[in-house]
Amino acid sequence: MTVISAEVEPPAAARVFGDRVDLARAYAADLVARGEELGLIGPLELPRLWTRHIVNCGVVAPLLRPGVVGDIGSGAGLPGIMLAIARPDVDFVLIEPMERRVAWLAEQKHNLGLTNVTVVRERAQEYPKGRLDQLTARAVSAFSKLIPMATPLVRSGGELVLMKGASAAAEIEAAEKAIRKYKLTAVEVLELGSDVGVDVTRVIRARVP
């Protein structure tokens, strides 16, 4: 049986999480120990756990501003838990429909002492409308499908801050109709992470009317 080792923490982690990097380390250790068993992460992700997941999420933190940020389909807490660690000045609502994932998120909130996190067991479509200042999501759905799901949850003047892959620009083109329907403005792709020496994280950012 082949044993797959977890990635060693890269220097970028301390740059991204600063004096709260120990919280990211505690989360990473727990995810390595139990994440596969709980169905939160596949074994092939362990060799790139820090660069592909933890730091990849953390570099989005500077885009957030004080207020209430929702993370839909929060899953293992990527990016919600990582962003809550990096930005203790921001309140996060982690919205997740699956019971075992909600239990994991609540446990991480407790174990890490994240007083800026609220965990909600709901589908995004069930969450109250217009309460969030910003909304994020990672590996949930295509931009065209996220727009009708996510936009109603954000107040006027708020933002979508959606983590995407290399096809981010193509997703914007494919979502043209939905962008017009929901009147999103300032739609752009941002590339983050090169300044800390990790693979690029792509984010679609858009303003809600």
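Sequence positions, counted from 1, serve as the residue numbers for this chain.
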Next on the checklist: Is it the case that atom NZ in K129 sees more than 12 heavy atoms from other parts of the structure closer than 6.0 Å?
Outcome noted: yes
Next on the checklist: Please report the interatomic distance NZ(K164) to CG(L190), rounded to the nearest 0.5 Å.
Outcome noted: 14.0 Å
Checklist outcome for this item: All heavy atoms of S144 vs all of A174, minimum pair found to be CB-O, 4.3 Å
Next on the checklist: If you compare all heavy atoms of Q108 against all heavy atoms of Y27, which two are closest, and at what distance to 0.1 Å?
Outcome noted: OE1-CD1, 3.6 Å
Checklist entry - Do L83 and V119 share a hydrophobic cluster, counting only Ile, Leu, Val, Met, Phe, Trp and Tyr and linking them when any side-chain heavy atoms are less than 4.5 Å apart? => result yes
Next on the checklist: Applying side-chain hydrogen bond (donor to acceptor under 3.5 Å, both in side chains) as the test, list every pair that has at least one member in residues 95-107; sequence neighbours left out.
Outcome noted: R34-E107
Next on the checklist: Going by the rule side-chain hydrogen bond (donor to acceptor under 3.5 Å, both in side chains), which residues pair with E45 if we only count those two or more places apart in sequence or in a different chain?
Outcome noted: R48, H53
Checklist entry - Which pair of non-hydrogen atoms, one from A26 and one from L112, has the smallest distance, and what is that distance? => result CB-CD2, 3.8 Å
I'd like a table of donor-acceptor pairs (distance under 3.5 Å, sequence neighbours excluded) in which one partner is a side-chain atom from residues 61-77, with atom names and distances.
{"unit_1": "R65", "atom_1": "NH2", "unit_2": "G157", "atom_2": "O", "d": "3.4"}
{"unit_1": "D71", "atom_1": "OD2", "unit_2": "S74", "atom_2": "OG", "d": "2.6"}
{"unit_1": "D71", "atom_1": "OD2", "unit_2": "G80", "atom_2": "N", "d": "3.0"}

Which pairs of donor and acceptor atoms, one on a side chain in residues 202-209, lie under 3.5 Å apart (sequence neighbours left out)?
{"unit_1": "R202", "atom_1": "NE", "unit_2": "E191", "atom_2": "OE2", "d": "3.4"}
{"unit_1": "R205", "atom_1": "NE", "unit_2": "E188", "atom_2": "OE2", "d": "3.0"}
{"unit_1": "R205", "atom_1": "NH2", "unit_2": "E188", "atom_2": "OE2", "d": "2.8"}

Item to check | Verdict with reasoning, L146 to L160, per side-chain contact (heavy atoms from CB on, under 4.5 Å) | outcome: CA-CA 10 Å; L146 275 171; L160 304 180; over 6 Å; no
Checklist entry - Taking only residues two or more places apart in sequence, or in another chain, which ones meet D22 in a salt bridge (Lys or Arg N to Asp or Glu O under 4.0 Å)? => result R25
Checklist entry - Under a 4.5 Å cut-off applied to non-hydrogen side-chain atoms, are V21 and V16 in contact? => result no
Next on the checklist: I need the minimum non-hydrogen distance between V117 and A84, along with the two atoms involved.
Outcome noted: CG2-CB, 3.4 Å
Next on the checklist: Please say yes or no: joined through hydrophobic side-chain contacts below 4.5 Å, possibly via intermediate residues, are V200 and V189 part of one cluster?
Outcome noted: no
Checklist entry - Do you reckon I54 sits in the same ILVMFWY cluster as L192, going by side-chain contacts under 4.5 Å, direct or chained? => result yes
Next on the checklist: So, using salt bridge (Lys or Arg N to Asp or Glu O under 4.0 Å) as the criterion, who are the partners of D89 when residues are at least two apart?
Outcome noted: R87
Next on the checklist: Using the rule that Ile, Leu, Val, Met, Phe, Trp and Tyr join whenever any side-chain heavy atoms are under 4.5 Å apart, tell me whether V120 and L40 fall into a single cluster.
Outcome noted: no
Tabulate below the donor-acceptor pairs under 3.5 Å that side-chain atoms of residues 147-155 make, not counting sequence neighbours, or state none.
{"unit_1": "T151", "atom_1": "OG1", "unit_2": "I147", "atom_2": "O", "d": "2.7"}
{"unit_1": "R155", "atom_1": "NE", "unit_2": "D133", "atom_2": "OD1", "d": "2.5"}

Checklist entry - With sequence neighbours left out, which residue pairs that include part of residues 110-120 fulfil the side-chain hydrogen bond (donor to acceptor under 3.5 Å, both in side chains) condition? => result none
Item to check | Which atom of V55 lies closest to which atom of A12, heavy atoms considered | outcome: CG1-CB, 4.2 Å
Next on the checklist: Using the side-chain hydrogen bond (donor to acceptor under 3.5 Å, both in side chains) criterion, which residues pair with E176? Sequence neighbours excluded.
Outcome noted: R180
Item to check | Worked verdict on V93 versus Y127 for side-chain contact (heavy atoms from CB on, under 4.5 Å) | outcome: CA-CA 10 Å; V93 180; Y127 191 77; 3.8 Å; yes
Item to check | Partners passing side-chain contact (heavy atoms from CB on, under 4.5 Å) against P97 (at least two apart in sequence or in another chain) | outcome: R123
Item to check | With E7 via salt bridge (Lys or Arg N to Asp or Glu O under 4.0 Å) - residues at least two apart | outcome: none
Next on the checklist: Once rounded to the nearest 0.5 Å, what's the spacing between atom CG of L184 and atom CD of E159?
Outcome noted: 11.0 Å
Item to check | Short side-chain to backbone donor-acceptor contact, R138 and M163, under 3.5 Å | outcome: no
Checklist entry - Backbone N or O of V198 within a donor-acceptor pair of the T51 side chain at under 3.5 Å? => result no
Checklist entry - Which value, rounded to the nearest 0.5 Å, describes the distance between R52 atom CZ and I41 atom CD1? => result 10.0 Å
Checklist entry - Of all residues at least two apart in sequence or in a different chain, which pass the side-chain hydrogen bond (donor to acceptor under 3.5 Å, both in side chains) check with K109? => result none
Next on the checklist: How close do F17 and G58 get, counting heavy atoms only, and between which atoms?
Outcome noted: CZ-CA, 4.0 Å
Checklist entry - Are I81 and L162 in one and the same hydrophobic cluster, where Ile, Leu, Val, Met, Phe, Trp and Tyr link if side-chain heavy atoms are under 4.5 Å apart? => result no
Checklist entry - So, does T201 use its side chain to make a donor-acceptor pair with the main chain of N56 at under 3.5 Å? => result yes
